[in-house]
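Note that the structure is a prediction, hence the values are computed from the model and not measured.
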Amino acid sequence: MIPSQFLVPGIFLISAIISLCIGTSTGTIVTMAPVTFSLVAAAHLNAGMAGAAVITGSYFGDGLSMIGGTTISAAAGVGSPMKDKFLWQIKIATPAAILTIIAYTLMSLNNGGAHHVAAGSYNIITILPYLAVLVLAAVGMDVVIVLALGTVMASAIGIFLGKANIFDCAKAIGNGMESMFWLAIFAMMVNGMVALMRYYGGIDWLVHVFTKRIHSKASCEALIGILSFCVTGAIVNNNISVLITSPIARELGDEYKVDRKVLAGIISIFAVTASMVIPQDSAMMMTLQLAGKSTNYLDLVRYMFYPVILMALTFGINYFSAKKSTLSKAE
């Protein structure tokens, strides 16, 4: 039996691990949200808290995974190695995740109506593709090769266990590629738009506007984060937002000597933070649809501890790091 107070923290943790391995919040939501709300009904969990846990856990890996679009776009956009960006960001994301798990555990203790649930059956071999993708990405293997190996391994395991045949695997791969086609076209159009903005002076103008409000390295980092948050909130797509924000952040970062890995991490953190809370985001809408009448948008946002802790830690760490750097130079 699994104690009820560990169910919501478990939802957050499992969502975070899956999203870190597969690099997408949408895929994690599709996998975890139906399970989450089945648990809500069976164990009488707080639906708002459980829904918030699955959304925020899904975005944990979306902005951190080395095979995720957000990390790839942010690192390439500012010229940072993905591994450096990952190692910098995980030092902030991990404490934020731990504090979130503690908060969900403490709040779950007050839910006296929740029931324990029995653990279901599982086959440990099915997690091997996720672990392989995570480890191979972490050691620096090319992302295309990593994803190809993960796909082959997942298909082979599915066929071996009798869960699918080769035609089912081919169909699943085709559906996945089809769903990414329009994102690829959109990304090319955005890159073209950014190039035109640079050619006609738009990037220089934005840098000038932001520079007037920047007085230090710490304020530069803060304004880049705010810009990433606002652009994501406006266009409701964190991957496209990162493509738009990166060239501006790179110009500002070069002027104020901000480390490239820090730029990439800040852009990713604030892009996914905005995605967690905006009502028209696909993850939010999907979760609300599956939740039915058991919860609502405001109830979900009320229990989103992770984005608040993540932003607070990012601002705090960057502020003190910038101050420390300034004092060291003064000495």
In Å, rounded to the nearest 0.5 Å, how long is the span from [atom1] of [X] to [atom2] of [Y]?
X    : Y    : atom1 : atom2 : value
L64  : L310 : CG    : CG    : 9.5 Å
K261 : F86  : NZ    : CZ    : 13.5 Å
I267 : I244 : CD1   : CD1   : 12.0 Å
T245 : R250 : OG1   : CZ    : 15.0 Å
S246 : E251 : OG    : CD    : 12.0 Å
L13  : T100 : CG    : OG1   : 11.5 Å

At their closest point, which heavy atom of [X] faces which heavy atom of [Y], and how far apart are they?
X    : Y    : result
V8   : S108 : CB-OG, 4.0 Å
M107 : F305 : SD-CZ, 3.2 Å
A74  : A264 : CB-O, 3.7 Å
A47  : F37  : O-CE2, 4.0 Å
G253 : C220 : N-SG, 4.4 Å
T56  : P307 : CG2-CD, 3.7 Å

Is any side-chain heavy atom of [Y] closer than 4.5 Å to one of [X]?
X    : Y    : value
I101 : I98  : no
I17  : I14  : no
L252 : V258 : no
I266 : S228 : no

Give a yes or no on whether I166 atom CD1 has more than 12 heavy-atom contacts from other residues, nucleotides or ligands under 6.0 Å away.
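No, because the 6.0 Å sphere around CD1 of I166 holds 12 heavy atoms or fewer from other groups.
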
Hydrophobic cluster membership, with links at side-chain heavy-atom distances under 4.5 Å among I/L/V/M/F/W/Y: are [X] and [Y] in one?
X    : Y    : value
M285 : V272 : no
M66  : I90  : yes
L313 : L87  : yes
V78  : Y256 : yes
I157 : V135 : no

Taking the side chain from [X] and the backbone from [Y], do they hold a donor-acceptor pair closer than 3.5 Å?
X    : Y    : result
S80  : A76  : no
T36  : M32  : yes
T295 : A291 : no
S73  : T70  : no
S15  : G57  : no
D168 : N165 : yes
S19  : S58  : yes
Y297 : V277 : yes

So, Y303 versus F12, ring centres under 6.0 angstrom or not?
no

Step-by-step side chain to side chain contact (heavy atoms under 4.5 Å, CB included) determination, L300 to M284:
CA-CA 9 Å; L300 289 174; M284 179 69 76; 3.5 Å; yes

Here's a test for you: under side chain to side chain donor-acceptor pair (under 3.5 Å), which of T71, T28, T24, N238 qualifies with D62?
N238

Are the charged groups of D84 and R260 less than 4.0 angstrom apart, N to O?
no

Could you go through the side chain to side chain contact (heavy atoms under 4.5 Å, CB included) check for I224 and L227 one step at a time?
CA-CA 5 Å; I224 288 171; L227 175 64; 5.6 Å; no

What verdict does the side chain to side chain contact (heavy atoms under 4.5 Å, CB included) test give for D299 and N296, after you've listed the backbone C-alpha separation in whole Å, the side-chain angles of each residue and the deciding distance to 0.1 Å?
CA-CA 5 Å; D299 203 26; N296 56 61; 3.4 Å; yes

V35 and T31: side chain to side chain contact (heavy atoms under 4.5 Å, CB included), yes or no, with the steps?
CA-CA 7 Å; V35 178; T31 302; 5.9 Å; no

With ring-ring contact (aromatic ring centres under 6.0 Å, His included) as the test, would you mind laying out the steps for F315 and F270 before giving the verdict?
CA-CA 11 Å; F315 277 128; F270 283 87; 5.2 Å; yes

